[in-house]
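Both counts, for ligands and for their atoms, begin at 1 and track the order of listing.
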Amino acid sequence: MKFRFQIILLLFLSLTVAYSQEYIPSYDAVVNQSTQANITARLTEFQNLGVKRRGTAALQNTLDWLKSQYLSYGYTASQMEEDTYSYSGFTCKNLVLTKVGTLYPNTYVIVCGHYDTISGTGTNDNGSGTAIILEIARLLQNIPTEYSIKFINFSGEEDGLRGSQHFVTNVVNATTPKMDIRVVFNIDEVGGVAGEINDTITCDVDESLPMANNAASAVITEELATCVALYSPLNTWINFAEATDYIPFENNGEIITGFYETNISSHPHTPSDNLANMDPEFCFNVGKAAIGATMHFAIANASALDNQYFNEDAQVSFFPNPSKSILNINKGNLNDANYTFSIIDIHGKTVLNQFFTDTGLIETINVSDLGSGIYLGVLETATNRITKKVIIQ
Ligand SMILES: [Zn+2]
């Protein structure tokens, strides 16, 4: 009875916030590019990679598989970073894929889930989340988003959230200024249970200490539930956060939400956590909701025109714009290691010119010597020349 009351309450809450979250047909068009075949193929590949415990070749092979997947979607090696740590004498790696936002490049939507397993191939826990993260990344590769997205595949979750804790301590808090996070959206164990009716996804809300970030988590989790209703056939159930990778972020004061299966499988952490004991159609439907939610959180611009300009410019951007002192050069999905960046004034005179070698995704240049005004920033490689207006204040 309590169950039913909470669902009615949830429906009411969903309706009260729905005004800010309209159905966006262009989002649905992207969601509908997801396929059951893709999800099932990724789940099968994940399963075939074996038991992904710390220190195993299977864990490293899974990391390599993730990288090859992202590359096949059009992301570049420069967009991928390994966050490495050691635990119990073994080297473990998180994989972080960054897609730079067009309007708020320094504010991140984190879409994450673990890829390590214990005692089994972990096809549900957490091949399911892994397959969905890959599907979101695949479909959003050529779509501009206002906020930056970090797709993170954590290791060490089964060792006690080691990977996500390392990322929070050594990346989020070690960045100057501290990394600005809009929301952490974790996807863990969403494979469903074979033979059961899997028609409801649990949306995880922060109800634990510290309390300061709980209200914001409630709001974002309502938004997540609305995305489920808008972009998938599933029902929602809001429940408290589980012991998974958003917890180190939650303890750090970040706003968290996530997906977890509602019919909870008995197979995770055993050798029988495999596809035969799951409901791949449920996983596919959770994926649809997750794609819509990621587009909502990161504010995607899915119109054909926006996509065209974004990709004609190889997703390159220069920010902040206007700039006062430091200008960041985001090379988007260019594969070139070296490039020249120049700034040209309104008279056509080159006022700044620098050659960059062995570049990362983002390089910085000091523009504080330039007078305020409108300039052209030019990024030139052996095969590309991308020009954008730059304003110096
Ligand atoms: Zn898990």
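- The 12-atom threshold is not exceeded at OH of Y309, counting heavy atoms of other residues, nucleotides or ligands nearer than 6.0 Å.
- Metal site remark for the Zn ion (ligand 1): D188 contributes an N, O or S atom at a distance under 2.8 Å.
- Annotation: cation-pi geometry not satisfied between R54 and F90 (NZ/CZ under 6.0 angstrom from ring centroid, within 45° of ring axis).
- Closest approach between the Zn ion (ligand 1) and any N/O/S atom of D125 involves OD1.
- Within H114, the N, O or S atom at minimum distance from the Zn ion (ligand 1) carries the name NE2.
- Two rings, from F185 and F259, have their centers less than 6.0 Å apart.
- Ion pair E157/K52 not flagged as a salt bridge, since none of the NZ, NE, NH1 or NH2 atoms sits closer than 4.0 Å to an Asp/Glu carboxylate oxygen.
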